[in-house]
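Accompanying notes for the structure given below.
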Number of protein chains: 2
Amino acid sequence: MSVGRETRLSAWIERFAAHFAEEGIPLIGGRILGYLLVCQPTERTAAELSQELEASSGSISTNLKFLVNAGLVTKRTRRGRQAAQYRINEKRWVDLIQRKLDALVSVRELTEAGMRLMSGDPERAVRLRTVDDLYTWLATELPAVWERRPASSR
Amino acid sequence: MSVGRETRLSAWIERFAAHFAEEGIPLIGGRILGYLLVCQPTERTAAELSQELEASSGSISTNLKFLVNAGLVTKRTRRGRQAAQYRINEKRWVDLIQRKLDALVSVRELTEAGMRLMSGDPERAVRLRTVDDLYTWLATELPAVWERRPASSR
DNA sequence: CCGACTCTTCGGTCGGCACTGAAGCCACGA
DNA sequence: TCGTGGCTTCAGTGCCGACCGAAGAGTCGG
């Protein structure tokens, strides 16, 4: 008998989380994202996430707060003493990518500042100029491409 | 009297290093990069870097090895008991950026794998599909833009 | 082979971040 | 006002990576 679907899914979630861990998102935060992208039903309580992902209630709370704050997860409260429900807000994934691109392009401000300090000594600036040219090109091209992204992602 | 040029330059180097520290490059490695981009003359020995950047010989050695390995710095050895000279290899800065873009685009492989696991349950896949579509779009657009980069950066 | 100099390696230290779990807080119903 | 249950906060722990500096390895001229 083959490995069950759920086992393969949790392996996928783990890879997913590992990738974003390299980008600075805590492991448990990445697991929450991966899990909420594929779980059925789509909404989960903090307690369910804690059990399913085998993480402490504290970690779940901290990471949910972070993700809700980033807009990637939506919190839905209910009347009564019922637990709040969390679901992925996949429409906001664009923001994640945009932040990445912005970080890349923002280096240009640094190289520009450096070029200003080097003004008056062109010879000394040639190395920095090569780098500055690159980021200047990026800063003009990337936003243009970004604007042309499909309407479905807005 | 105003702040001297060298003081302002080291402040710039510090900002430069701080930016790349957020991207995972050790602080001292970033300082080396910033310094080698603007120092005059363009080549420096490890001992000079150690003194100028106030870092231990061990840290300088480790970081130079890392940067040389990444292609961003070139090591030039000389006969006699002379110390090797290091200089920035600014032409390879494109590689740094390419790695960044590749990392971004590579998420698509993850989302695709997830979509495959979800095949047979389209309803359950709708959230992941939104994210997958985004990365698929990125994976087609970014390489195309990258190819159009100016010849001066190749 | 020796002495001088440079570079790398490596144990040790330090700081910071992720995570835990318990205690406290809050919201709600009774 | 009290009790119940869920959520957040926070001190404590462990781990990992950056950094240091000394010791060792390598390299060359004499």
Side-chain angles (χ1 to χ4, degrees), chain A residues 10 13-36 41 43-70 72-87, chain B residues 10 13-36 41 43-70 72-87:
Chain A
S10 32
I13 291 170
E14 206 56 26
R15 280 204 295 145
F16 193 83
H19 176 96
F20 288 99
E22 289 181 3
E23 304 195 355
I25 293 180
L27 209 45
I28 294 183
R31 289 193 186 113
I32 293 174
L33 285 179
Y35 185 74
L36 288 180
E43 289 188 321
R44 288 294 141 102
T45 66
E48 285 166 346
L49 290 171
S50 175
Q51 182 165 13
E52 194 67 38
L53 301 177
E54 295 173 271
S56 71
S57 63
S59 287
I60 295 294
S61 175
T62 302
N63 279 278
L64 277 177
K65 186 177 183 178
F66 168 72
L67 294 172
V68 167
N69 194 44
L72 290 172
V73 168
T74 302
K75 177 182 189 173
R76 188 168 67 87
T77 54
R78 301 177 293 175
R79 319 188 104 253
R81 10 175 149 136
Q82 311 236 38
Q85 303 259 78
Y86 295 90
R87 65 170 181 275
Chain B
S10 33
I13 291 170
E14 207 55 28
R15 282 203 296 144
F16 193 83
H19 176 96
F20 289 99
E22 289 181 2
E23 303 195 354
I25 292 180
L27 208 44
I28 294 183
R31 288 193 186 113
I32 293 174
L33 285 179
Y35 184 73
L36 288 181
E43 290 188 319
R44 288 293 139 105
T45 67
E48 286 166 346
L49 290 171
S50 175
Q51 182 166 12
E52 195 67 38
L53 302 176
E54 294 173 271
S56 73
S57 64
S59 287
I60 294 294
S61 175
T62 302
N63 279 277
L64 277 177
K65 186 176 182 178
F66 168 72
L67 295 172
V68 167
N69 193 45
L72 291 171
V73 168
T74 302
K75 177 181 188 174
R76 187 168 67 86
T77 54
R78 300 178 293 174
R79 317 190 104 249
R81 15 177 145 128
Q82 312 235 35
Q85 302 259 81
Y86 295 91
R87 65 169 181 275

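Residue numbering restarts at 1 for every chain, and letters A, B, ... go by the order of the sequence lines.
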Identify all pairs in which a protein N or O lies below 3.5 Å from an N or O of nucleotides 20-28 of chain D, and state each distance.
residue : atom : partner : partner atom : Å
dC20(D) : OP2  : S56(B)  : N            : 3.1
dC20(D) : OP2  : S56(B)  : OG           : 3.3
dC20(D) : OP2  : S59(B)  : OG           : 2.9

Solution key, residues 13-20 of chain A side-chain donor-acceptor pairs under 3.5 Å, sequence neighbours excluded:
residue : atom : partner : partner atom : Å
E14(A)  : OE1  : R31(A)  : NE           : 3.0
E14(A)  : OE2  : R31(A)  : NE           : 3.2
E14(A)  : OE2  : R31(A)  : NH2          : 2.8
H19(A)  : NE2  : E23(A)  : OE2          : 3.1

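Between F66(A) atom CZ and dT9(D) atom P there is a gap of 16 Å when expressed in whole angstrom units. One can place CG of N63(A) at 12 Å from P of dT8(D), the figure rounded to the nearest angstrom. If you measure from atom CD of Q82(A) to atom C1' of dT4(D), you get 14 Å, rounded to the nearest angstrom. For the pair R31(B) CZ and dA18(D) C1', the interatomic distance rounds to 11 Å; values are reported in whole Å. What separates NZ of K65(A) from C1' of dC10(D) is a distance of 12 Å, to the nearest Å.
A donor-acceptor pair is defined here as one N or O able to donate and one able to accept, closer than 3.5 Å; no such pair exists between the side chain of T45(B) and the backbone of Q85(B). A donor-acceptor pair under 3.5 Å links the side-chain atoms of T62(A) to the main chain of G58(A), judged by distance alone. Side-chain atoms of R87(B) never come within 3.5 Å of backbone atoms of L36(B) as a donor-acceptor pair (strictly under, hydrogens ignored).
Contact check, K75(A) against dC7(D): no side-chain N or O comes under 4.0 Å of OP1 or OP2.
Where DNA chain C meets chain B (any atom under 4.0 Å from a heavy atom), the bounding nucleotides read 5' to 3' are dT6(C) to dT9(C).
Within 6.0 Å of CD in E43(B) there are more than 12 heavy atoms belonging to other residues, nucleotides or ligands.
If you find the closest nucleotide of DNA chain C to A47(B) and to G24(A), the one lying nearer the 5' end belongs to A47(B).
Of the candidates S61(B), S57(B), S56(B), S56(B) is the only one forming a side chain to side chain donor-acceptor pair (under 3.5 Å) with S59(B).
Nearest heavy-atom pair across S50(A) and I60(A) is CA-CG1, 3.7 Å.
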Handout entry: Full working for side-chain contact (heavy atoms from CB on, under 4.5 Å) between L49(B) and L64(B)
Key = CA-CA 10 Å; L49(B) 290 171; L64(B) 277 177; 4.1 Å; yes

